[in-house]
Chemist: 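Starting off with a structure, shown below.
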Amino acid sequence: MKYVCRPKGHAHDCDCGKDSMSVVGDRAVIDLSLSATQPMHYTTLNCAMRKAMRQGCLSIELKGVMGQRYLASTASVPGLHVAVHGTPGNDLGAFLNGPTIEVFGNAQDMTGNTMNSGRIIVHGNAWDVTGLAARGGQILVKGDTGYRVGIHMKEFGESRPTTVIGGTAKDYLGEYMAGGTILVLGLGGGPPVGRSLGAGMHGGRIFVRGEVSPEQLGPGAALLPLNEDDEREVRRLLGDFIKAFGTEVHQDMNGYVKIAPSSSRPFSGYYDKTNV
Amino acid sequence: MIHRKDRRDRTDRLGAPVRAENYIASSPPGWQGQLGGCGIASLISLKGERIGGERITRMLTIMEERENGLGAGYACYGLFPDRSDQYCLQFFFDDEEGKRNVEDFLQGRLDIMHDEVVFIKERSTISPPYPIVWRYFVDVPENRVWRGDRDLGEEDYLVEIVQHINANVPNAFCVSSGKDMAVFKGNGYSYEIADLYDLDRYSGTMWLSHSRFPTNSPAWWAGAHPLSLLDWGVCHNGEITSYGVNRKLVEMNGYRCTVLTDTEVVTYLWDLLVRRNRLPIEVAAFVMAPSTYQEICLLPPAERRLAEWLRITYKEAFLNGPFSIIVGRSRPETTLIALADRKKLRPMIAGLSPDDGVAYCASEESAIRIVEPDARTWAPGAGNPFIAVAGKGVLRRGTEPSFQGVRV
Amino acid sequence: MIDAPSSRRLDHRLPERFMPTINYDLCRVCRRCVNECSYQALEFKESRVVPSGGCVACGRCIAVCPANCIEVRPVPPQFAPHGNWSERSRRSILAQASSGGVLLSSCGADDTHPPIFDDLLLDAAQVTNPSIDPLREPVETITYLGRRPGRLEVCDGKVIVQEDDTPLIRMDMPLMFGHISLGSISYNAQKALFMAANELRIVAGSGEGGLHPDFYQYADRICSEVASGRFGIKPEYLKGVAAVEIKIGQGAKPGHGGHLPGEKVTTMISETRMIPRGTDALSPYPHHDIYSIEDLAQLVSVLKESTEYRLPVGVKIAAVHNVGAIASGLVRAGADFLTVDGFKGGTGAAPRVIRDHAGLPVEVAIAAVDRRLTQEGLRNRVTVCAGGGVRSSADMIKALALGADVVMVSTSAMIAMGCRVCQQCHRGLCSWGIATQRDDLTSRLDPQVAAARIVRLYRAWNEELKEVMGAMGIDSVESLVGNRDRLRYRGPNPKIAEVMNVKHIGEGWG
């Protein structure tokens, strides 16, 4: 089937990236300020990025990103590193499947939507619905996140998504959670998590550094102490966080609490199957 | 459903109330459209010479068996050589008030360069009342043509005017609105209508004609064929079974259906496909009467792709069911198009005079032979358009492969 | 807090609904019926087969009995007759008073809302146009699914075809199989559907349970579903199929999520859904990345980016009261096709209160969508699929004439496989091996046999479609779609005809 980059009928040899992308060896740099059309449209940018990937680039650096959406969605090149300077738009790294995306700035909403594997490192904040339905890979956020982060994360076999939030998370963190791990550090101060924490969770685990009161929990979530496996996992994730951002974090495990499902079948008694 | 104009009470020449069966500009109450069989005939001078009205009358009336006296009509092209650059709006008015209504409406919207009464014989076998038939030669004021995002050219502007009048202005109906052409039609037999308008007094380079056999009455003068918009004139024999679908497409593109017949929709489709979407005539004909997908599979790759995409894109323009149509236009060239449905369920014969000077299309061979005994005749194929242009000749006989002559 | 034991105490036991009755004169005591009854409604006692309660009228025993000696009889009303307090309303109250639970059911709404389909009569050609004999003359049913350009550009008299702009799927008939997930039905049942879709050259929905690796061989006939649970979505699930559809809602449970109980999440299901074994597979009520129409545009766009614009991306909604305006929003949000699932659509499990009381009949929904999109000049840009309660070729034909390009069917395909619509899917005990994950039951369904039955059924429907089109004098299905002129309403409420823009019987055309 013929390759198409956008609905306006660009062909394989379209001009996307012609004026703004330079490729040296396996490194591509796309400077959005050089684009003839300003601001550069996301279809053009994604098309240029796909060209770089097809040419075998293992590093793509984006300069001057300003709200362009869907960057690196479904990107599947193993070992690829995408550096984003500026503000990427919604759905950054949606359905991501292997590569690493590093954002030097804040990310918008729905970062890492339904990601499969790979890493998204945000040297700033990442707002609402980060990591929706992730089933693998890692999201590291140095700063704060918004509402409904880590909804319906899953896990299966070796695939186990992890999310580390250096700052805080708001309400509905880990709603519908079916697997994976979320770690919230609350480093910037303020309450680390909001209300309805882990609402309806039936798998996975959330670790929070700091205080969590039972009133903050959503239905189906339970507040537990950490066991040895949990502590090992928290230390491992802290290691990932420190490595990514170079920040020092207090490693005393007494300061952490765990939120886990009270049952893997939270609503099993909810329904009446009588044949009326 | 459109809101039909209120019908005002009218009186005949003696001052008596109008018989309920006779409807001219105003549609009969509860008008739902009309269907039925018909005869069609047309001729075009390939040398661009003028041909008198008696010839087309003879062609049409020889097929008298195809009509039942409930409507006939003629369209003449190349009719106004002195005013060929002005649009000729030809109206039926039920009464003087209809005329005033239209003139009030046109005030400031169009520049009326000249207007005149259209001759109607005082004595006729057709029952009165007769309409006031009036024509206006108009120009579109420059400031009325909007060339913004939505390039509303003067033709689109004129379409809006005509459609507005036909939908909303009481006691008036615009029967034709093109340049260098006019439509003469009414409720009666083909020879009665020819007699009523005294067609012998006119001559033109191309004539279309139609006599009808509707299944219902009352008949409506304005609903008789040819149906016309701008310079398009359409005479149609048959019934479009896909009417509801085709109508949706033209309505989506801003046309207002006021006559509620399939022929009206066919007229708008030609305007949409050829004038507005700029499809070549052969391509538009393919859209209306496409090959089956099975046949399309046998085409060369580029043509196959075109054919598939035409069917997909314009599936609402596919005219299903039996039809043969004769279509005329005066711009950019005086052109005669004839097309039968893809199963060739309605008759269509084409002919050429021995000197190649005049081309004919008609429902029956007799219609051609009566005026051109030595014509060479042939049958255009199912869904295969016949195209002739005044001054150029027969460009397409209707026997060629679908996209012959079309750039693909 | 009052908390008495809520288990079924004898004094609140509900009367049986069905009674298997055995003709002992004919019974050979082979006990096949006992072994085959997954609901354990028959037992072998004192050298004969006797009913043991809980029969759901799945009809399995009747089918397997070699002596043809079983009859399942509906138990006559056991409560005092009452015009308002129906037997079911009283049974429901008694059940809920015992359980405190939300009543769950499956299949489509079974209340006696009369189908509007039954109030519509088709037209036929007489005199003014000829009918067509589909056995001897071509009558076309080829249908394309996807976005259409609205018009083709012409440059110097050359018509420009930009094929790549608008990916389309060609189907041999205006029919698609609805989305039924692996999980709600068995591997063998889903395989049969995919095999049949492949053979019929139409499209089948994947449901939202991911796609089993074995089924990628049918990928170019599969429309994968992205629903709120986002199960099994990996790059090949998006890129390697025929089309992608975002599921916003389902006709049987508009506004409701999904719930595959943990007991159905077997190893295979957990692999394809990519969730741990035995956990409930929950689909959230909304998509948490769609809280507004512009968010839908975002999900449509990211799917188009992700599939590099090679596949049509559609959106499926439940038919609700404002369906026309919503449909227009979907088209403006970039949907290449949209699917409207009517009130009577099927489900593997839904709260009864929603299944039986929420939504809009598909007949009205189709007409509303078709009319609204036409008014807004969008109808020729998009493919409209619709289903939910389509029981026969007649329903399919009426749905097309009301304005659907493609009719979606599911329950009829399952009936073809063996389903008797006993409405027990949610219990996972399907004796026909369709709506179950129990190995001993799923092995009862041979995908080859089931696929062949589905193929025969819809080939027959398509022939019936051609017969009707021929009778109407229409030789290609696109001239039937939205042709409401060829329908008349003869039901009790002319207002319905009016909102559907269908004329009443007795109203002619000319």
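To find a chain, count down the sequence lines: A is the first, B the second, and so on, and within it residues start at 1.
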Chemist: When heavy-atom pairs shorter than 4.5 Å are enumerated against chain B, which of C/G157, C/G146, C/P149 gives the highest number?
Modeler: C/P149
Chemist: Test B/N384 against B/R396 for side-chain hydrogen bond (donor to acceptor under 3.5 Å, both in side chains), laying out the working first.
Modeler: CA-CA 9 Å; B/N384 205 336; B/R396 199 184 153 93; 2.4 Å; yes
Chemist: Are B/S242 and B/N320 close enough, and set up right, to give a side-chain hydrogen bond (donor to acceptor under 3.5 Å, both in side chains), and what steps lead you there?
Modeler: CA-CA 5 Å; B/S242 55; B/N320 218 309; 5.6 Å; no
Chemist: Does C/R381 come within less than 4.0 Å of C/D336, counting only side-chain N to carboxylate O?
Modeler: no
Chemist: Does any backbone or side-chain atom of C/R170 lie under 4.5 Å from a heavy atom of chain B? Answer side chain, backbone, both or neither.
Modeler: side chain
Chemist: Any idea which heavy atoms bring C/C385 and C/L145 closest together, and the distance?
Modeler: SG-CD1, 3.4 Å
Chemist: Can a salt bridge be assigned to the pair C/E498 and C/K495 using a cut-off of 4.0 Å between side-chain N and carboxylate O?
Modeler: yes
Chemist: Tell me whether B/E316 is salt-bridged to C/R148, with the criterion being a basic N under 4.0 Å from an acidic carboxylate O.
Modeler: yes
Chemist: So which part of B/L306 gets closer than 4.5 Å to some heavy atom of chain C, the side chain, the backbone, both or neither?
Modeler: both
Chemist: So C/T339 and C/E245, side-chain hydrogen bond (donor to acceptor under 3.5 Å, both in side chains) or not? Walk me through it.
Modeler: CA-CA 9 Å; C/T339 305; C/E245 184 167 337; 3.2 Å; yes
Chemist: Decide salt bridge (Lys or Arg N to Asp or Glu O under 4.0 Å) for B/R346 and B/E239; before the verdict, give the C-alpha distance in whole Å, the side-chain angles of both, and the deciding distance to 0.1 Å.
Modeler: CA-CA 10 Å; B/R346 298 314 301 141; B/E239 183 182 319; over 6 Å; no
Chemist: Can a donor-acceptor pair be found, under 3.5 Å and without considering hydrogens, that links the side chain of B/S363 to the backbone of B/I40?
Modeler: yes
Chemist: Which answer fits C/L378, side chain, backbone, both or neither, if we ask what part of it has an atom under 4.5 Å from a heavy atom of chain B?
Modeler: backbone
Chemist: Quick one: list whatever passes side chain to side chain contact (heavy atoms under 4.5 Å, CB included) with C/D123, sequence neighbours left out.
Modeler: C/R486
Chemist: In terms of side-chain geometry, is the basic nitrogen of B/K315 or C/D405 positioned less than 4.0 Å from the acidic oxygen of its partner?
Modeler: yes
Chemist: Are C/R379 and B/E251 close enough for a salt bridge, meaning some N to O gap below 4.0 Å?
Modeler: no
Chemist: Using heavy atoms and a sub-4.5 Å threshold, report which of residues 129-138 of chain C line up against chain B, by residue number.
Modeler: C/N129, C/P130, C/I132, C/E137, C/P138
Chemist: Kindly say whether B/G238 contributes a backbone atom to a donor-acceptor pair with the side chain of B/S324 at under 3.5 angstrom?
Modeler: no
Chemist: Once you measure the plane-to-plane angle for C/Y144 and B/Y293, does it fall in the parallel (<30°), tilted (30-60°) or perpendicular (>60°) bin?
Modeler: tilted
Chemist: Is there any residue in residues 463-476 of chain C with a non-hydrogen atom under 4.5 Å from a non-hydrogen atom of chain B, and which ones are they?
Modeler: C/M472, C/G473, C/I474, C/D475, C/S476
Chemist: Under a 4.0 Å N-O cut-off, is there an ion pair linking C/R371 with C/E376?
Modeler: no
Chemist: Suppose a student defines contact as a heavy atom less than 4.5 Å from any heavy atom of chain C. Which residues in residues 264-278 of chain B would they list?
Modeler: B/R276, B/N277, B/R278
